[in-house]
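Here the structure is laid out as structure tokens; the discussion comes afterwards.
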Amino acid sequence: MSSPDLTDAEREAVLSVLNTPNLSMGPYIEAFESALRAFTGAKHAIGVSSGTAGLHLCVRAAGIQAGDWVITTPFSFVASTNVLLYEQAVPVFVDVDPRTGNIDPAQAAETAADLARGGAAARRRLPRKGCAPGGRLKALLPVDVFGQPADMDALRDISDHYDLALIEDACEALGAEYRQRKAGTLGDYGVFAFYPNKQITTGEGGLVVTDDDEAAGLMRALRNQGRAPGDTWLSHTYLGYNYRLDEMSAALGVAQMSRIEGLLAARERVAGWYAERLAEIAALEVPFVAPDTTRSSWFVYVIRLRPGVDRQKVAERLAERGIPVRPYFLPIHLQPYMVERFGFQPGDFPVTEDLGARGLALPFSGKMDEGQVERVCRALQAAL
Ligand SMILES: *Cc1c(COP(=O)(O)O)cnc(C)c1O
């Protein structure tokens, strides 16, 4: 489905770490954070062991606690919701824009208003069960789905109005731009992820960016077992975690960041080849790029089959031709543990469910050549 883009520069960087005694908390994590600060323009960058770890640190830094409500969407990778559950907070789902799959700001605003009103108005926005009355709305957690930024200015208006933290899950969107501003820097906190299928990889890894000095200090302490500045190795001011990014991973990240523009351009080129070849096929829709997305950053290439097309059958026919495809995303609210805990039902978020039922991720990486894209598209057309 995907393949990391690695060269001798990456291999040498990782090996060079092994020639030193510093395998954790050495110079490479600092260099990697510095590269991300330079790239995004954020004041602070905090490297962590995964995107999920980064999101969890943001939840802690935003002061989100047990019973607090956070507005987010079920059309995402599960981590964006799971980090709320780690703190016993309650995800208040709103549905997504059918074109982009990103949070619908109008529905987010209505939901925030209802939650602020309380009583029956709040009740109808909350999950059926698993959520005690008397919560407070603390944050918005939008996701930049498939590499396209959410409508962050509209969300900022909501967060300003209700005094909410704004956590941007930019784990799929390194390099994307919204109204000429970099994804990840559009909220109070932004998180990137570096699993091997992302725009850049560190193996496992993630990173938080923020302009907030106090939050950055807290997140640095929390990723390092709760050690505040001045704490010794065995004294811990906070309940923290081991969310550190090791030096081998950071060195890989530094090498990847040194060629970030080339990596993004290669993905853009592959997406362009797909768009050209697929535009004419009536049984599917190619990804929609919103006018506010002044720069796309392609994480995956997800097409939508027209209603009535049997996705399973298409996937099987492609598999027979040696071409892997995946349904994308399976809605979070219908995952078994979510149904059990919160009582969600099919039909609760119809746009999310519709996109989830029709979306098909095609093989995608910056290393694909035009011939490979051609082969996938021919096979897809034949399968349809
Ligand atoms: C990849 C991803 C994450 C974090 O992933 P990790 O595997 O923990 O690095 C979080 N949210 C979204 C939307 C993602 O795609």
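As the structure lists them, so they are numbered: ligands from 1, and atoms in each ligand from 1. Positions are given from 1 along the sequence.
Under a 4.5 Å side-chain heavy-atom criterion applied to ILVMFWY residues, the cluster that includes Leu239 comprises that residue alone.
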Atom pairs and distances, ligand 1 N/O vs protein N/O under 3.5 Å:
residue, atom, partner, partner atom, Å
ligand 1, 8 (O), Gly51, N, 3.4
ligand 1, 8 (O), Thr52, N, 2.9
ligand 1, 8 (O), Thr52, OG1, 2.4
ligand 1, 9 (O), Gly51, N, 2.8
ligand 1, 11 (N), Asp169, OD1, 3.4
ligand 1, 11 (N), Asp169, OD2, 2.8
ligand 1, 15 (O), Glu172, OE2, 2.5
ligand 1, 15 (O), Lys198, NZ, 2.8

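Listed by first then second residue, pairs satisfying salt bridge (Lys or Arg N to Asp or Glu O under 4.0 Å) with a partner in residues 202-212 number zero, not counting sequence neighbours.
Between the Asp95 side chain and the Thr352 main chain, a donor and an acceptor come within less than 3.5 Å of each other.
Taking the ring centroids of Tyr274 and Tyr301, they lie under the 6.0 Å cut-off.
With sequence neighbours left out, Arg179 forms a salt bridge (Lys or Arg N to Asp or Glu O under 4.0 Å) with Asp153, Asp292.
One finds the CD atom of Glu177 at 4.5 Å from the NZ atom of Lys182 (value rounded to the nearest 0.5 Å).
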